[in-house]
Amino acid sequence: MKHTYITTAIPYLNGDPHIGHAVDYCLADVFARYSRLKGDEVKFQAGTDEHGNKIFQKAKELGVPVEEYVQGNVDKFKDFIAKLNASYTDFVRTTDKQHEKRVQEIWLKLKEHIYKAGYEGWYCTGCERYVTEKECKENNGVCPDHQKPYEKLKEENYYFRISDFKDKIRQAIESDEMVILPEFRKKEILKLLDESPDVSVSRPVSQLTWGVPVPDDESQVMYVWVDALSNYLTVIGYPDDNDYSVWWPASVQIVGKDILRFHAILWPAMLMGLGLNLPKVILSHGMILADGQKMSKSVGNVVNPLEVLDKYGLDAFRYYFLRHVDTFSDSDFTWQKYDEAYNNELANDLGNLVQRLATLAQKNNLVLEKRANIGFSAEYQKYMESFEFSRAFDYVWDKIQNLNKRIDDEKPWMLAKNNETEKLNVCLNDLINDLLEANYELSVFLPNAADKIFEVFGDSIKPPETPLFPKTKK
RNA sequence: CGCGGGGUAGAGCAGCCUGGUAGCUCGUUUGGCUCAUAACCAAAAGGUCGUUGGUUCAAAUCCAACCCCCGCAACCA
């Protein structure tokens with residue numbers, strides 16, 4: 001049996017779930033469901049990144065123990081993922097004891113590529129963090145939050161020597177041994193690769209305590225990368241549980257374009273350092289724009305995914321974010337578009353199609369003879385295998401719209417009126433079976449709706465008592 | 001001349017790699033239908049394919065130059 005391992009980026013737990021996380025989970029879920037229906041055994045990882053000063057400070061501000069703070073946020077995320085009906089199989093927290101232990105083992109294995117060096121930069125004692133040269137310049141050398149001038153500070157850090165692997169990474173990307181999707185991101189990464197510096201992977205304990213201690217050096221604590229990126233391995237048992245070898249390399253790792261560089265450069269370097277294969281595909285999706293603009297707290301145009309979910313429910317949410325949001329490039333969200341997609345497409349095209357077919361069948365006491373083998377069509381598979389999910393969805397939708405056309409062309413109600421029972425039977429059986437085939441393909445995108453549709457055309461056919469997608473009044 | 005993406009109908013987009021009738025969805029107008037959620041189907045109107053030049057029998061598509069828009073990325077080492 002084929003093993004398919006799908007990963008999602010682990011969100012940093014210093015805030016609430018936002019719409020970008022939802023995209024991650026939805027995309028991963030689509031591929032997971034697709035793979036399962038094809039017969040693969042699927043592992044679908046999700047998790048949370050819980051270390052670091054920001055979380056530590058946030059907890060302090062709120063006056064709660066940091067463990068309690070992260071627990072509360074993990075619950076929010078788990079709840080969110082459940083609401084999306086994302087079918088993950090494994091959940092990893094970077095504060096899991098087992099994860100921490102495994103991360104330390106990974107660190108030790110990478111040791112020959114890790115070196116200690118001084119870091120010098122602009123530091124704000126108020127924020128307790130370094131800022132980039134650029135940020136310092138933009139703020140004219142003064143921290144806007146604390147009104148204190150940045151200080152030039154020096155400290156010891158461990159660095160991961162990416163330069164040990166650059167040539168091999170380039171080769172892996174160019175040869176598509178590790179596919180980066182979409183193509184234009186691949187080009188971007190190849191350009192970035194040359195100028196990628198070695199990455200700082202620890203902080204002195206005086207600065208950072210909420211993290212995994214560096215093994216064999218009490219003065220240092222791991223800083224995000226080795227800790228967070230390793231989750232993809234620790235969750236499947238690496239290095240002590242040999243089960244990991246069944247799942248690794250990952251079939252696809254889904255990330256937002258903002259963190260692609262870490263996944264396409266640092267992460268492969270780490271894997272090479274560990275002597276492991278690279279993931280087969282890294283899929284980088286775009287950002288959701290609010291009415292053409294980047295969402296930002298300062299602009300105040302952040303769309304709350306929970307609010308969107310509440311409006312018309314999960315099917316509508318997944319419908320919009322999997323079909324009208326392009327898998328790879330940035331896409332827009334506006335309430336108007338969301339309304340239109342729901343009413344014109346889900347309700348009118350699909351909801352109404354189910355209703356009319358079910359009613360036709362029921363009124364004419366149709367005996368439904370279901371086709372034995374339902375499967376994926378070749379074209380659909382082609383799209384799915386190349387991770388063009390929104391296109392695959394378009395393709396399915398085309399089938400649905402076509403069914404509406406065919407009903408009009410074949411006029412089953414006329415056949416009924418003329419008592420052409422035999423023809424009517426054939427006609428309705430054909431239409432309904434075609435709907436069920438489309439519904440099978442639809443089920444990876446809209447599992448809930450698909451279930452309901454299969455139920456309508458179950459052993460007996462009963463039209464939904466309440467519309468599948470009740471329309472909203474304008 | 002930092003890098004990347006883009007400019008195609010009122011809106012949103014596909015087509016460009018691999019030149020050969022400009023296409024899809026929404027919206028608009030008209031018509032049809034009555035199985036259905038005021039749903040469905042059909043037809044029509046609507047385009048100097050950013051600009052200029054080049055290659056070619058033929059350019060949205062290839063080449064060159066230019067103009068314009070948007071990002072540099074989810075709160076940020």
Side-chain angles (χ1 to χ4, degrees), chain A residues 9 11-12 14-21 23 52-54 119 121-123 127 129-136 157 182-185 187-189 191-192 195 197 199-201 203 223-225 256-261 284 286-290 292-299 302-303 323-324 326 328-332 334 336-337 340-341 343-364 390-391 394 397-398 401-417 424 428 431 463-464 466-474:
Chain A
Y12 193 58
N14 66 341
D16 291 340
H18 62 63
I19 218 137
H21 300 128
V23 173
N53 272 336
K54 260 187 227 139
Y119 173 86
W122 297 103
Y123 186 80
C127 306
R129 68 178 186 98
Y130 285 90
V131 296
T132 54
E133 195 67 33
K134 191 177 149 202
E135 197 176 343
C136 177
N157 280 185
E183 181 82 20
F184 63 85
R185 295 277 172 231
K187 280 189 222 155
E188 220 170 88
I189 289 296
K191 282 217 174 82
L192 268 172
E195 50 201 65
V199 177
S200 159
V201 290
R203 293 288 179 276
Y223 171 74
V224 60
W225 307 118
K257 64 176 183 178
D258 54 322
I259 51 170
L260 174 64
R261 63 181 67 183
S284 145
M287 300 279 166
I288 306 298
L289 305 175
Q293 265 200 319
K294 192 180 145 188
M295 287 186 202
S296 98
K297 276 183 192 158
S298 38
V299 179
V302 175
V303 176
R323 178 150 189 250
H324 289 297
D326 182 85
F328 300 117
S329 47
D330 291 356
S331 301
D332 212 26
T334 64
Q336 194 196 344
K337 283 184 186 175
E340 280 173 4
N343 283 311
N344 299 337
E345 298 168 27
L346 265 181
N348 291 352
D349 288 349
L350 179 60
N352 182 53
L353 171 67
V354 170
Q355 195 81 39
R356 64 197 299 215
L357 272 179
T359 309
L360 275 167
Q362 195 188 40
K363 280 190 179 166
N364 296 296
S390 51
R391 295 226 169 168
D394 280 344
W397 211 259
D398 202 51
Q401 289 177 316
N402 244 301
L403 281 166
N404 273 320
K405 265 179 216 148
R406 269 174 55 202
I407 296 177
D408 276 66
D409 288 348
E410 293 172 23
K411 301 182 177 44
W413 57 89
M414 286 298 286
L415 298 176
K417 209 179 261 177
L424 177 65
L428 286 181
L431 289 165
T466 53
L468 242 40
F469 307 107
K471 287 190 74 161
T472 55
K473 282 245 169 81
K474 292 243 161 119

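Hydrogens, waters and symmetry mates are skipped; everything else that's a heavy atom, side chains included, is used. Below, chain A is the first sequence line, B the second, and so on; all start at residue 1.
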Peer 1: Using a 4.0 Å heavy-atom cut-off across all strands, classify A:K257 as base, sugar-phosphate, or nothing.
Peer 2: base

Peer 1: Take atom P in B:rC72 and the same atom in B:rA9, then report the distance between them in whole Å.
Peer 2: 27 Å

Peer 1: For A:G286, answer base if it contacts any base atom (sugar-phosphate contacts may also be present), sugar-phosphate if it contacts only those atoms, and nothing otherwise; contact means non-hydrogen atoms under 4.0 Å.
Peer 2: base

Peer 1: So, is A:N344 close to the B:rG27 phosphate, meaning a side-chain N or O under 4.0 Å from OP1 or OP2?
Peer 2: yes

Peer 1: So what's B:rC3 paired with, Watson-Crick or G-U wobble, going by both distances under 3.5 Å?
Peer 2: B:rG71

Peer 1: Using atom C1' in both nucleotides, what's the gap between B:rA59 and B:rC24 to the nearest angstrom?
Peer 2: 22 Å

Peer 1: With both distances under 3.5 angstrom, what nucleotide forms a Watson-Crick or G-U wobble pair with B:rA64?
Peer 2: B:rU52

Peer 1: With rounding to the closest Å, how many angstrom separate the C1' atoms on B:rC57 and B:rG12?
Peer 2: 37 Å

Peer 1: I want to check one thing: is the phosphate of B:rA36, taken as OP1 and OP2, less than 4.0 Å away from some side-chain N or O of A:K363?
Peer 2: yes

Peer 1: Would you say A:N348 places a side-chain N or O within less than 4.0 Å of OP1 or OP2 belonging to B:rC40?
Peer 2: yes

Peer 1: Looking only at N and O atoms, is any donor in the side chain of A:D258 or the base of B:rA73 less than 3.5 Å from an acceptor on the other one?
Peer 2: no

Peer 1: Round to the nearest Å and state the distance from A:N343 atom CG to B:rU37 atom P.
Peer 2: 15 Å

